[in-house]
Amino acid sequence: MRLANQDLLKNQNYIGGEWRDGASAIEVRDPANGELLARVADGSAADAKSAVAAASAAFPAWKSKTAAERAAVLKRWHQLILENADDLARILTLEQGKPLAEAKGEIAYGASYIEWYAEECRRAYGQTIPTHNPAMRLSTIRQPVGVVTCITPWNFPNAMITRKAAPALAAGCTVVIKPAMETPLSALALCALAEQAGLPAGTINMVVGSDAPGIGKVLTQDARVAKFTFTGSTAVGKLLMAQCASGVKKMSMELGGNAPFIVFDDAHLDTAVSACVATKMRNAGQTCVSANRIYVHEAMHDAFVEKLRAAITELKVGHGCDEGVTVGPLIHRRAAERVNDLVQDAIAAGARVELGGDFLSHGENYFAPTLITGVRDEMRIAQEEIFGPLAPVQKFSDEAEVIRRANDTPYGLAAYVMSENIRRANRVVEALDYGMVACNAGVFSTTVAPFGGCKESGIGREGGVEGMAEFYETKYCCFGV
Ligand code: NAD
């Protein structure tokens, strides 16, 4: 891989300020063509133990720094990421597949968490509480929780790390990160820049490893760990929550979704179509907030489907580094096969493929951007998280009915409402059982607002002031006078 700054390409784990080899190696491949990009040290559960020990040893000194001192280091890290943004985006596209423009967007978005939390940590205010007893004085202080461990997915290999590590480090915690095995190069490049920025040895540690269950046990159960934070599937999240229970670890879970996208008959058609394409086809549909069930009012259905078909036809599929490409490959063959299974299941149950619906000849991980109509709630396509470039459309006829159907899922991450009627928009936004609702918008995630879900989509929030609170312990102090 050719980069302007070749020092960003790391193939060892980063533990206690040292780059360490593993007993064996993990192959990192370009999902677009299977090309071998790198071999990265395969870290073990023992490496995870060393990383937790290093983070624990580094914690007292890091938490004792002033907020301004921690902020200065984090701002250097942020600056270095911006200076290396083109290289970081190239690494990301090559190992993950998303188009280069999206990768650049992710690098800027990921970096923005570091800048924002570097500023926010200066405001870790406590309270003075009006006392209940004249002989006592009451107050609270906020202190970092301690060692934080993180497990992150491959779909946003940069931002899912900074969204956790930035507030944790800013609060005065030290971190151990296990990135996804598919995308370790983006993660290790972030560590290389953290080291260059001057984050002290042990404050940030990274262990890439194929033994996810073994490493996961250490990160959820080691007695020195105070908090565990996870982004990934609901199934793995449940397992890790159970592991956290034995030590009563604090935890945050950003899990899967099954987002409804509701188009009312009073929606602005072009706004609804462009929002739908943005949320559905970004990252080839591999985002947790991707529209998963598109409900269109029967009066709007045919016009919406026609415009959506035209918009999807304009997408350009190919290698993410090629000019003009808007949809890349899926992460691996298994993912493409899963999307195909969902299409076949829907066809067998009576749905109709309007566009796409098959693998593409570009490479074995490609699936065509697909539009399906005649979908019903009981089909697998509407019950499961699709995680692919597949837009399934269903009809509805009234507001109460669509709210009931939209909420009828164990998930509760993101939902979308398209309506120009402000009264209806308010009513429906309030009635949806989701952690986040976007009205007349398709892309909404930002550093300054709380991201997260309810029900089986997770616990806790990332971003905004809520995202920082996750890494503080509030201590109540009572003084007799
Ligand atoms: P995944 O759960 O398979 O993997 C996520 C991470 O967990 C990876 O690092 C993996 O190595 C690790 N892992 C897997 N099994 C493990 C185990 N037994 N013990 C410890 N670690 C283990 O998910 P994925 O396929 O990589 O990512 C896609 C999922 O992530 C989707 O469900 C998506 O909705 C979700 N996601 C959620 C958010 C959010 O903010 N809510 C954001 C992005 C992705």
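Numbering of ligands and ligand atoms starts at 1, following listing order. Fair warning: this is a prediction, and the values are worked out from it, not measured in the lab.
- When only non-hydrogen protein atoms are considered, atom 21 (N) of ligand 1 lies nearest to Ile151 CD1, 3.6 Å.
- Residue Lys227 is tested with Val175, Thr149, Val148 for a side chain to side chain contact (heavy atoms under 4.5 Å, CB included); the sole match is Val148.
- A donor atom on one side chain and an acceptor atom on the other are not found under 3.5 Å apart for Gln286 and Trp154.
- The shortest N/O to N/O separation between Asn155 and ligand 1 does not fall below 3.5 Å.
- The shortest heavy-atom distance from Pro213 to ligand 1 is under 4.0 Å.
- Considering only non-hydrogen protein atoms, atom 27 (O) of ligand 1 sits nearest to Pro153 CB, 3.6 Å.
- Some N or O of Leu255 is nearer than 3.5 Å to an N or O of ligand 1, by distance alone.
- For Leu413, every heavy-atom contact with ligand 1 shorter than 4.0 Å involves the side chain, none the backbone.
- Donor-acceptor pairing under 3.5 Å is recorded for the side chains of Asp377 and Tyr295.
- The shortest separation from a heavy atom of Arg163 to ligand 1 is under 4.0 Å, placing the residue in contact.
- Ligand 1 does not have Met181 within reach: every non-hydrogen atom of the residue lies 4.0 Å or more from it.
- For Ile215, no heavy-atom contact with ligand 1 is shorter than 4.0 Å.
- Closest to atom 42 (C) of ligand 1 among all protein heavy atoms lies Cys288 SG, 3.0 Å.
- Under the 3.5 Å distance criterion, with hydrogens and angles disregarded, no donor-acceptor pair is assigned to the side chains of Tyr117 and Thr162.
- Between the side chains of Glu102 and Asn283, no donor-acceptor pair is found at a separation under 3.5 Å.
- Contact record, Ala118 with Ala71: O-CB, 3.2 Å, taken as the closest heavy-atom pair.
- Protein heavy atom in closest approach to atom 2 (O) of ligand 1: Ser233 OG, 2.6 Å.
- Atom 34 (O) of ligand 1 has Glu385 OE2, 2.5 Å as its closest protein atom, hydrogens excluded (heavy atom only).
- In terms of protein heavy-atom proximity, atom 19 (N) of ligand 1 is nearest to Ala212 O, 3.5 Å.
- The side-chain heavy atoms of Ile331 and Asn155, taken from C-beta on, include no pair separated by under 4.5 Å.
- A donor-acceptor contact closer than 3.5 angstrom links the side chains of Asp47 and Ser44.
- Residue Ala180 approaches ligand 1 through these ligand atoms, each under 4.0 Å from one of its heavy atoms: 9 (O).
- Summarising the contacts of atom 10 (C) of ligand 1 with Glu462, Met160, Lys178, Gln286, the nearest heavy atom is found in Lys178.
- For the pair Arg224 and Phe59, the cation does not sit on the ring face, since its NZ or CZ is not both under 6.0 Å from the ring centre and inside 45° of the axis.
- With a 4.0 Å heavy-atom cut-off, ligand 1 is reached by the side chain of Leu240 but not by its N, CA, C or O.
- A cation-pi arrangement is found for Lys98 relative to Phe156, the charged atom lying closer than 6.0 Å to the ring centre and inside a 45° cone about the ring normal.
- The protein non-hydrogen atom at the shortest distance from atom 8 (C) of ligand 1 is Thr152 O, 3.4 Å.
- Of all non-hydrogen atoms in Gly34 and Arg29, the two that sit nearest each other are O-NH1, 2.8 Å.
- Residue-level proximity to ligand 1 for Phe387 is carried by the side chain, the only part with a heavy atom below 4.0 angstrom.
- For the pair Trp154 and ligand 1, a heavy-atom separation below 4.0 Å is found.
- Counting only heavy atoms of the protein, atom 18 (N) of ligand 1 lies nearest to Leu239 CD2, 3.4 Å.
- Listed by first and then second residue, the side-chain hydrogen bond (donor to acceptor under 3.5 Å, both in side chains) pairs involving residues 166-186 are Glu95-Ser186 (not counting sequence neighbours).
- A cation-pi geometry, defined here as NZ or CZ lying under 6.0 Å from the six-membered ring centre and within 45° of its normal, holds between Arg163 and Phe451.
- Any N or O atom pair closer than 3.5 Å counts here, and Gly232 shares at least one such pair with ligand 1.
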